[in-house]
2 protein chains.
Amino acid sequence: MSSGRPREFNVEEALDRALKVFWRRGYEGSSLPALTKAMRISRPSLYAAFGNKESLFRKAIDRYVEGPAAGIRSALGEATARAVVERVFCTSIELLTDSRNPRGCFLVQGALACGDTADCLRREMAKRRDEFVVALRERFERAVAEGDLASNADPADLARFVATVLHGLSVQASSGASRRELERVAQIALRAWPA
Amino acid sequence: MSSGRPREFNVEEALDRALKVFWRRGYEGSSLPALTKAMRISRPSLYAAFGNKESLFRKAIDRYVEGPAAGIRSALGEATARAVVERVFCTSIELLTDSRNPRGCFLVQGALACGDTADCLRREMAKRRDEFVVALRERFERAVAEGDLASNADPADLARFVATVLHGLSVQASSGASRRELERVAQIALRAWPA
DNA sequence: TGCTTTATGTACCATTTGATATAGAAAGGC
DNA sequence: GCCTTTCTATATCAAATGGTACATAAAGCA
């Protein structure tokens with residue numbers, strides 16, 4: 001079977017550009033013209049390669065989690081629970097304030113509040129955020145079992161606390177807070193960690 | 001001068017309804033039909049009474065700050081810095097999870113990421129959030145002067161920390177977290193407070 | 001009772017929205 | 001060369017968007 005005319009653009013690269021648009025403007029704030037202009041492809045090319053706007057957004061979510069935000073998840077590999085939290089904060093702050101990206105966390109601001117048609121994406125984003133809370137909780141449960149986290153500490157509560165600080169830092173970053181300011185906030189938050 | 005035909009609707013009540021729409025769906029997710037239906041007025045009535053969509057949103061911001069969110073600001077009147085923070089968390093959580101309101105904080109999710117036309121509203125929301133950070137900082141500065149907060153504590157950092165937790169709680173609430181869960185998170189956050 | 005003023009509701013406006021039809025261009029297989 | 005296949009670009013679609021004109025209705029004032 002013949003292969004036809006080859007694509008003139010790189011799909012991953014175009015997806016990266018789309019992600020940045022969604023990241024900065026949110027799903028509803030990202031118009032097709034804004035997307036196609038940033039992606040440097042025509043509208044039919046976008047639809048041929050990514051389906052439609054919603055499908056493009058879903059692919060952008062995966063791209064974000066596996067790309068820019070991957071470092072955060074890999075922080076779970078640290079040796080102790082406290083080291084995990086320190087590394088999560090540190091890595092997140094770097095991502096949230098990286099000048100190459102829009103400010104803030106895509107999973108927070110990509111579709112936090114929206115109309116009915118985008119509501120399924122709002123829930124999808126909440127689900128993705130929750131997946132990280134679950135991963136944190138499981139990591140902390142392991143830490144309790146391994147003895148590097150006090151057994152009276154509730155892993156679920158601690159996981160939600162870390163996620164709360166993380167999402168709060170995202171809002172701060174989105175509002176224009178500097179990296180230093182966020183680092184000081186994270187340092188204060190760490191004082192809440194069980195000794 | 002004659003007064004003309006009287007309004008058939010209550011302006012404040014209509015504004016309250018508009019606020020709830022913006023609160024739940026965000027600025028860009030709130031269409032004129034959705035607004036007018038919730039406000040129970042016709043489109044020309046909306047424009048006559050509130051100017052346009054942007055102006056209605058700005059009025060909704062004021063309404064939110066002076067109405068539902070007023071309790072949070074009044075927490076600054078507590079006797080000590082720690083009591084202020086406790087009361088801020090407690091009052092916020094009640095607001096964030098009040099079943100009569102949309103979940104989350106309007107100042108966070110009303111226009112966190114949006115297109116160019118709404119960018120001035122995004123900045124306005126950031127400014128409003130920052131006003132609370134400033135108020136917190138000033139309150140903590142006073143607390144240092146009054147001796148109920150350690151003099152080596154940085155009021156600006158602490159204020160930003162409290163705001164960070166607050167905004168993080170908003171995201172959690174918006175994702176469906178229960179009041180109890182948020183209360184436990186706040187309790188953990190309080191452990192970071194200077195002794 | 002007019003007359004002025006303001007509010008309401010229908011119908012409409014231009015623009016933008018997300019999404020395609022269609023025609024032409026660029027590759028491989030025969 | 002020719003055919004098939006796939007991508008690209010222009011031009012377009014119907015629907016939804018924010019915003020108004022215009023006629024009518026309801027009040028106060030003379």
Side-chain angles (χ1 to χ4, degrees), chain A residues 1-15 17-19 21-22 24-60 110-111 113-122 124, chain B residues 1-15 17-19 21-22 24-60 110-111 113-122 124:
Chain A
M1 154 162 156
S2 61
S3 58
R5 175 177 175 176
R7 270 216 181 82
E8 293 184 2
F9 64 95
N10 182 299
V11 176
E12 303 247 312
E13 201 174 309
L15 182 54
R17 296 183 197 274
L19 167 59
V21 176
F22 283 134
R24 168 185 296 277
R25 308 171 180 270
Y27 179 74
E28 291 177 324
S30 304
S31 66
L32 265 297
L35 286 165
T36 54
K37 185 181 176 187
M39 298 168 81
R40 297 172 191 174
I41 64 177
S42 71
R43 210 176 291 215
S45 294
L46 187 157
Y47 279 83
F50 302 102
N52 60 11
K53 189 185 173 186
E54 176 182 337
S55 159
L56 174 62
F57 187 83
R58 299 191 114 98
K59 287 177 170 63
C114 48
D116 288 333
T117 62
D119 203 64
C120 55
L121 294 177
R122 203 201 87 240
E124 175 68 23
Chain B
M1 153 160 150
S2 61
S3 59
R5 177 176 174 174
R7 270 213 183 83
E8 292 185 1
F9 65 95
N10 182 299
V11 176
E12 302 247 311
E13 201 173 308
L15 183 54
R17 297 184 197 273
L19 167 58
V21 175
F22 284 135
R24 169 184 295 277
R25 315 165 103 109
Y27 179 73
E28 292 177 324
S30 303
S31 66
L32 265 297
L35 286 165
T36 53
K37 185 181 175 187
M39 299 168 80
R40 297 173 190 172
I41 64 176
S42 72
R43 209 178 291 216
S45 295
L46 187 158
Y47 278 81
F50 302 102
N52 60 9
K53 189 185 173 186
E54 177 182 336
S55 157
L56 173 63
F57 188 83
R58 299 191 114 99
K59 287 177 170 61
C114 49
D116 287 333
T117 61
D119 203 64
C120 56
L121 293 176
R122 203 202 87 240
E124 175 69 22

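Labels below follow one simple rule: chain letters A, B, ... track the order of the sequence lines, proteins then strands, and each chain is numbered from 1. Since we're looking at a predicted model, the values are computed, not measured.
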*A:Arg24, CZ: over 12 other non-hydrogen atoms inside 6.0 angstrom*: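 No - once you tally the heavy atoms of other residues, nucleotides and ligands closer than 6.0 Å, there are 12 at most.
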*Please answer whether the main-chain N or O of B:Leu35 pairs with a side-chain N or O of B:Lys53 as donor and acceptor at a distance below 3.5 Å.*
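Side chain of B:Lys53 to backbone of B:Leu35, a donor-acceptor pair under 3.5 Å: no, none is there.
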Without decimals, in angstroms, what is the distance between [X] [atom1] and [N] [atom2]?
| X | N | atom1 | atom2 | result |
| --- | --- | --- | --- | --- |
| B:Arg7 | C:dT6 | CZ | C1' | 9 Å |
| A:Asn10 | D:dC7 | CG | P | 14 Å |
| A:Asp116 | D:dA16 | CG | P | 13 Å |
| B:Arg25 | D:dT17 | CZ | P | 10 Å |

*Find out whether the Lys NZ or Arg CZ of B:Lys59 is both under 6.0 angstrom from the six-membered ring centre of B:Phe50 and within 45° of the ring's axis.*
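Here B:Lys59 fails the 6.0 Å and 45° test against B:Phe50.
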*Strand-adjacent residues in residues 44-56 of chain B, judged by heavy atoms under 4.0 Å from DNA chain D*: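 Listed by number, they are B:Pro44, B:Tyr47, B:Asn52, B:Lys53.
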_As an exercise, state the distance from CG of A:Leu46 to CG of A:Asn52, rounded to the nearest 0.5 Å._
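Reported to 0.5 Å precision, the distance equals 9.0 Å.
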*Do A:Tyr27 and A:Arg122 come close enough that some side-chain heavy atom pair is under 4.5 Å?*
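No, too far: nothing below the 4.5 Å cut-off.
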*Sorted by number, the residues of residues 32-43 of chain B with heavy-atom contact under 4.0 Å to DNA chain C*: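 DNA chain C contact set from residues 32-43 of chain B: B:Ser42.
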_With side-chain hydrogen bond (donor to acceptor under 3.5 Å, both in side chains) as the rule and sequence neighbours excluded, what pairs involving residues 32-45 of chain A come up?_
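As it turns out, the side-chain hydrogen bond (donor to acceptor under 3.5 Å, both in side chains) pairs with a partner in residues 32-45 of chain A, which skip direct neighbours, are A:Ser42-A:Ser45.
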Polar atom pairs between nucleotides 23-26 of chain C and protein, under 3.5 Å, N or O only, would you list them?
| from | atom 1 | to | atom 2 | distance (Å) |
| --- | --- | --- | --- | --- |
| C:dA25 | N3 | A:Arg5 | NH1 | 3.1 |

Which donor-acceptor pairs under 3.5 Å do the side chains of residues 5-12 of chain A make with protein atoms, sequence neighbours left out?
| from | atom 1 | to | atom 2 | distance (Å) |
| --- | --- | --- | --- | --- |
| A:Arg5 | NH2 | A:Glu8 | OE2 | 2.8 |
| A:Asn10 | OD1 | A:Glu12 | N | 2.9 |
| A:Asn10 | OD1 | A:Glu13 | N | 2.9 |
| A:Glu12 | OE1 | A:Arg63 | NH1 | 3.1 |

*Identify whether the distance between the nearest side-chain nitrogen and carboxylate oxygen of B:Arg25 and A:Asp119 falls below 4.0 Å.*
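No, B:Arg25 and A:Asp119 are not salt-bridged.
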*Can you name the residues that form a side chain to side chain donor-acceptor pair (under 3.5 Å) with A:Thr117, not counting sequence neighbours?*
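Expected list: none.
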*Worked check of side-chain contact (heavy atoms from CB on, under 4.5 Å) between B:Leu121 and B:Glu28*: CA-CA 11 Å; B:Leu121 293 176; B:Glu28 292 177 324; over 6 Å; no
